[in-house]
Peer 1: 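Take a look at the following structure, please.
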Amino acid sequence: QQKYTLDGMIDSTLIFPHDATGMQLVFDSTLAPTTMDGDYLEQTVNANETINESQTAPDMSSITVDTTISFSIPLASAGLYNTAVPPALVTFPNASDQDIDSSVWNPLARAFAIPSENQSVSIPIPIDENLLPAFVSSVDGFVIRSDSNSDSSYFRSTLLNNGAPTDVTNTEFLLLTGSASAPDTLAKHTAASVAKDAQDQQNTLIGDSLMSDAISMKINFGLAETSAQTVTIAAGDSVQINVQIALKITAFDSALVQMSDYALIDSTIGVPFQQNEDSSGVSIYGGTFASPDNILINHINITGLQSTYPFDMGFYLKFENFVSSDGTDSVKIDTILNTSTVAITENTKIDGWNFVNPKGDSVALDSMTIKLRASISAQSASIPLDGSALGGLTMGITVDQLNFATIDANILTPLPSTEENIDNMPTGFEGMAFTDVKIEFEIMNSISLPIDLNLDIKGVPQFADTVTVE
């Protein structure tokens with residue numbers, strides 16, 4: 001084993017002796033200083049938050065009803081004999097006039113009844129309530145669209161006394177909706193009597209009527225007795241009652257609904273303080289706002305708060321970090337919005353107020369917190385069914401800059417990157433390995449604030465990978 005002396009390499013300037021066995025390389029340098037000024041008391045926010053929430057009404061314009069029901073009720077000829085001698089059984093229509101004695105006709109008239117299948121007709125309406133908004137809990141009814149056009153939405157009844165020798169009496173045609181036990185009447189057609197070969201036709205426009213998802217039509221009438229000795233059934237008469245009922249609904253205009261408690265918006269908005277391009281920034285525990293002369297500083301501007309929904313809406317907004325110096329006031333809106341409410345604008349200057357953390361003063365914040373809630377309380381309302389805009393909620397929030405008089409915060413200030421080289425290395429060090437490396441820093445703090453320091457150090461040899469020192 002051959003040993004070589006290191007004498008002559010130790011110059012006590014860069015290379016110093018170390019114990020009795022070797023030497024140490026000592027390199028020192030002064031890094032560029034980092035300064036801190038009062039800019040951190042002036043926090044740029046440049047917040048321009050907007051709320052623009054809207055919903056579209058369900059489109060039920062394709063739902064229509066166009067129904068016509070026709071039926072005939074022939075008078076029973078069984079047991080109906082004429083006054084001939086001997087009496088002959090009468091059939092309808094007959095080739096000749098037939099005289100019927102009142103003692104035969106009147107019992108037939110008293111026994112006349114509308115067949116049960118013709119007394120009531122139900123017509124379902126194909127409305128899908130699942131298309132209604134989620135905040136609808138129940139439906140009171142649907143409003144039929146009205147356009148004052150007799151060919152649009154109507155209920156029409158027609159009764160023809162087709163050859164009965166006495167009057168059809170007490171005719172009644174009802175258009176009903178709602179529950180069977182307590183229905184609502186949409187239309188009612190009555191006539192005291194309809195003479196032989198006469199027709200009674202009545203028409204009711206049902207636009208603007210409120211109906212449920214099912215309707216029914218009820219029919220009732222009777223047949224008059226005669227006070228004469230006989231009645232005559234003319235040759236060729238059918239002796240029947242012809243009925244036609246027609247229902248037409250061209251469109252539904254709106255739905256009358258009940259709404260349950262429902263949160264349309266329930267959120268927390270974080271408005272961050274702006275970070276600088278060099279990654280410097282601030283996280284705030286608390287502080288007190290200054291009182292600058294500039295109207296745009298420490299100014300909270302809320303504009304255009306408005307609801308166009310066709311019902312009352314509870315609205316709540318609060319900046320949770322701003323509290324007045326006496327603790328009694330905050331930047332908050334708690335109101336009821338509806339279509340009659342004029343757009344709300346509020347401007348609040350928070351000079352001298354406190355910045356607080358609702359989670360406690362042990363947590364630093366890098367953003368402001370805005371609590372926002374828009375809710376619907378239980379109420380009734382009318383919802384359009386034409387696919388148009390149901391309504392919307394709009395609002396703008398602007399915060400430009402916040403200036404603090406005092407601040408309790410974490411301030412992030414990166415040290416400038418620096419590159420240091422070890423110059424004047426003597427020849428002969430290539431390929432040598434150092435048995436121990438120590439790095440020492442002396443840091444002077446002259447800003448009278450506690451500092452937490454994080455350093456990332458990389459060593460770059462000439463022909464090797466970068467080494468990160470933590």
Side-chain angles (χ1 to χ4, degrees), residues 67-123 155-177 179-204 214-247:
T67 299
T68 300
I69 299 174
S70 301
F71 60 89
S72 297
I73 304 176
L75 272 65
S77 60
L80 191 63
Y81 288 86
N82 61 18
T83 57
V85 179
L89 183 66
V90 178
T91 59
F92 313 126
N94 203 285
S96 60
D97 291 350
Q98 301 292 317
D99 292 330
I100 309 296
D101 192 88
S102 61
S103 62
V104 175
W105 177 259
N106 286 345
L108 182 148
R110 287 194 297 270
F112 172 81
I114 302 172
S116 58
E117 67 270 17
N118 299 132
Q119 294 176 9
S120 180
V121 179
S122 296
I123 301 177
F155 173 66
R156 180 179 298 143
S157 64
T158 305
L159 184 144
L160 172 63
N161 182 344
N162 191 359
T166 57
D167 293 351
V168 177
T169 59
N170 300 322
T171 68
E172 185 178 64
F173 294 85
L174 299 177
L175 180 65
L176 305 174
T177 187
S179 66
S181 59
D184 295 321
T185 301
L186 299 180
K188 182 177 182 180
H189 299 166
T190 61
S193 63
V194 181
K196 176 180 179 295
D197 296 332
Q199 175 179 285
D200 178 73
Q201 185 178 83
Q202 298 184 43
N203 189 74
T204 299
I215 54 178
S216 62
M217 295 180 286
K218 292 187 178 297
I219 304 165
N220 188 37
F221 51 82
L223 191 62
E225 300 180 42
T226 183
S227 58
Q229 182 65 37
T230 61
V231 295
T232 300
I233 299 175
D237 281 351
S238 297
V239 193
Q240 61 182 4
I241 300 170
N242 303 130
V243 174
Q244 184 181 85
I245 48 179
L247 175 65

Peer 1: Any idea which heavy atoms bring His189 and Arg156 closest together, and the distance?
Peer 2: CE1-CA, 4.2 Å
Peer 1: Just by distance, do the side chain of Asn82 and the backbone of Ala88 share a donor-acceptor pair under 3.5 Å?
Peer 2: yes
Peer 1: So does Ser122 get a backbone contact from the side chain of Ser216, meaning a donor-acceptor N/O pair under 3.5 Å?
Peer 2: no
Peer 1: Evaluate the side-chain proximity of Pro165 to Trp105: yes if any heavy-atom separation is below 4.5 Å, no if none is.
Peer 2: yes
Peer 1: Grab the two heavy atoms, one from Thr190 and one from Gln202, that are nearest each other, plus how far apart they are.
Peer 2: O-NE2, 2.9 Å
Peer 1: Please assess Glu117 against Phe71 for the test side chain to side chain contact (heavy atoms under 4.5 Å, CB included), listing each intermediate value before the final yes or no.
Peer 2: CA-CA 10 Å; Glu117 67 270 17; Phe71 60 89; over 6 Å; no
Peer 1: Report the C-alpha distance between Asn220 and Asn170 in whole Å, list the side-chain angles of each, state the deciding distance to 0.1 Å, and finish with yes or no for side chain to side chain contact (heavy atoms under 4.5 Å, CB included).
Peer 2: CA-CA 8 Å; Asn220 188 37; Asn170 300 322; over 6 Å; no
Peer 1: Does the Gln119 side chain pair with the main chain of Ile114, one donor and one acceptor, at a distance under 3.5 Å?
Peer 2: yes
Peer 1: If you round to the nearest 0.5 Å, how far is CG of Asp184 from CG of Leu176?
Peer 2: 8.5 Å
Peer 1: Assess the side chains of Asp99 and Thr232: does a donor N or O sit below 3.5 Å from an acceptor N or O?
Peer 2: yes
Peer 1: Quick one: closest heavy-atom pair of Val168 and Phe221, and the distance?
Peer 2: CG1-CD1, 3.7 Å
Peer 1: When rounded to the nearest 0.5 angstrom, what distance separates CG in Asp200 from CZ in Phe173?
Peer 2: 7.5 Å
Peer 1: Using side-chain heavy atoms (C-beta onward) and a distance below 4.5 Å, is Thr204 in contact with Leu175?
Peer 2: no
Peer 1: If you look at every heavy atom in Asp97 and Ala234, which pair is closest and at what distance?
Peer 2: OD1-CA, 3.3 Å
Peer 1: Measure across Ser102 and Thr226 and return the closest heavy-atom pair with its distance rounded to 0.1 Å.
Peer 2: CB-CG2, 3.7 Å
Peer 1: Rounded at 0.5 Å granularity, tell me how far OG in Ser72 sits from CG in Asn242.
Peer 2: 3.5 Å
Peer 1: Tell me, which pairs form a salt bridge (charged side-chain N to carboxylate O under 4.0 Å, His left out) where one or both residues lie in residues 225-247, sequence neighbours left out?
Peer 2: Arg110-Glu225, Lys196-Asp237
Peer 1: Rounded at 0.5 Å granularity, tell me how far CG in Asp101 sits from CG in Leu80.
Peer 2: 10.5 Å
Peer 1: Taking atom types as modelled, find out whether Asp167 and Thr169 have a side-chain donor-acceptor pair closer than 3.5 angstrom.
Peer 2: no
Peer 1: I need the minimum non-hydrogen distance between Ala191 and Val194, along with the two atoms involved.
Peer 2: CB-CG2, 4.5 Å
Peer 1: How long is the span from the CG atom in Asn118 to the CD1 atom in Ile219, to the nearest 0.5 Å?
Peer 2: 6.5 Å
Peer 1: Taking the side chain as every heavy atom from C-beta outward, state whether Asn94 and Ile233 have any pair of such atoms under 4.5 Å apart.
Peer 2: no
Peer 1: Could you grab the distance from atom OG1 of Thr230 to atom CD1 of Ile100, nearest 0.5 Å is fine?
Peer 2: 9.0 Å
Peer 1: Side chains of Gln244 and Ser70: any donor to acceptor distance under 3.5 Å?
Peer 2: yes
